[in-house]
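Report on the following structure.
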Amino acid sequence: MAPNFEQARKQIYEAHDEDPNKHVTSSGEQLPYETHYSQKMESYLAKRAPDASDILKLAICGQHFRRWEVPRDQFPMTKLGYHSWRTHLKKRQAKLIGEIVEQNGYSAEDKQRCIALIEKEGLRQGEPEVQVLEDVACLVFLDDQFDEFKEKHDEQKIITILQKTWVKMSKEGQDMALQIPMTEECKALVVKALSG
């Protein structure tokens, strides 16, 4: 069976479309949140690595696969609880997307590669595709989630998160981040974080 990228991607989006959480677009249209998030991830991947492999594309597409099924409050509302939740999600998402990859004719090696990407194995060692995935996730945060995030946290926490986000990105990712249109308030916070 030859690998079927389109069918694998379609299966991922069919699950995204079940997300009960909604995102309201600028035109007022309601989209399942994970569908919106995945579209954003894919659009930034196309800019950051236009010749990305099928496996990287599927890992990007399934980055938050069925995340809504494991709410944050299922884990203790502490820093440790937050990290446990994130680790659980990452492993669960990687396993489920790995199964879709396998079902659609990709090799066992491809399946393991996809799992490693979603689990971000090798990020600190500078693994190129994992770095691209991290860049894309950071760019989507800055473009799509930062404005809402800053409303919920004090300035010091926002600056700390921005600084942590910045160091996780490659030079290419950072250059792209500086091109993202932002409100004056968001821009000011970014400037403050980068000069700190």
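Scope of the values below: all heavy atoms of this structure, side chains included, with no hydrogens, waters or symmetry mates. Remember, it's a predicted structure, so these values are computed and weren't measured experimentally.
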ILVMFWY cluster, [X] and [Y] together (side-chain gap under 4.5 Å):
X	Y	value
Ile118	Phe5	yes
Met182	Leu194	yes
Tyr33	Tyr13	no
Leu45	Met176	yes
Leu123	Ile97	yes

Identify the heavy atoms of [X] and [Y] that sit nearest to each other, and give their distance.
X	Y	value
Ala193	Gln163	O-NE2, 3.0 Å
Leu89	Val70	CD2-CB, 3.8 Å
Ile60	Glu42	CG2-N, 4.0 Å
Ala49	Val132	CB-CG1, 3.9 Å
Ala94	Glu119	CB-CG, 3.7 Å
Leu133	Ala59	CD1-CB, 4.0 Å

- Task: Go through the steps for Gln11 and Gln103 under the test side-chain contact (heavy atoms from CB on, under 4.5 Å), then give the verdict.
- Result: CA-CA 10 Å; Gln11 269 180 258; Gln103 287 160 17; 3.1 Å; yes
Do [X] and [Y] come within less than 4.5 Å of each other through their side chains, counting heavy atoms only?
X	Y	result
Arg113	Ser53	no
Tyr44	Asp143	yes
Gln145	Tyr37	yes
Phe146	Val190	yes
Glu121	Val130	no
Asp110	Leu58	no
Lys192	Glu155	yes
Asp144	His36	yes

- With side-chain contact (heavy atoms from CB on, under 4.5 Å) as the test, would you mind laying out the steps for Leu142 and Leu162 before giving the verdict? CA-CA 9 Å; Leu142 289 168; Leu162 284 171; 3.6 Å; yes
Roughly how far, to the nearest 0.5 Å, is [atom2] of [Y] from [atom1] of [X]?
X	Y	atom1	atom2	result
Ile159	Ser195	CD1	OG	8.0 Å
Glu184	Leu189	CD	CG	11.5 Å
Leu31	Ser38	CG	OG	11.5 Å
Ile12	Lys57	CD1	NZ	12.5 Å
Arg48	Asp175	CZ	CG	10.0 Å
Leu139	Gln179	CG	CD	11.0 Å

Lys/Arg-Asp/Glu bridge criterion (N-O < 4.0 Å) met for [X], [Y]:
X	Y	result
Glu34	Arg67	no
Lys95	Glu99	yes
Arg66	Glu18	yes
Lys10	Glu14	yes

- Message: Test side-chain contact (heavy atoms from CB on, under 4.5 Å) on Gln74 and His88; report intermediate values, then the result.
- Response: CA-CA 11 Å; Gln74 282 190 9; His88 173 78; over 6 Å; no
- Message: The criterion is side-chain contact (heavy atoms from CB on, under 4.5 Å); which residues satisfy it with Gln174, sequence neighbours excluded?
- Response: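 Checked Gln174 against side-chain contact (heavy atoms from CB on, under 4.5 Å); matches are Trp166, Met169, Lys171.
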Side-chain donor or acceptor of [X] paired with backbone N/O of [Y] under 3.5 Å:
X	Y	result
His16	Gln39	no
Arg72	Phe75	yes
Thr160	Gln156	yes
Asn104	Ile100	yes
Asp19	Pro32	no
Gln131	Gly126	no

- CD/Glu109: more than 12 non-hydrogen atoms of other groups inside 6.0 Å: no
- Residues passing the ring-ring contact (aromatic ring centres under 6.0 Å, His included) test with Tyr82, sequence neighbours excluded, are Trp85
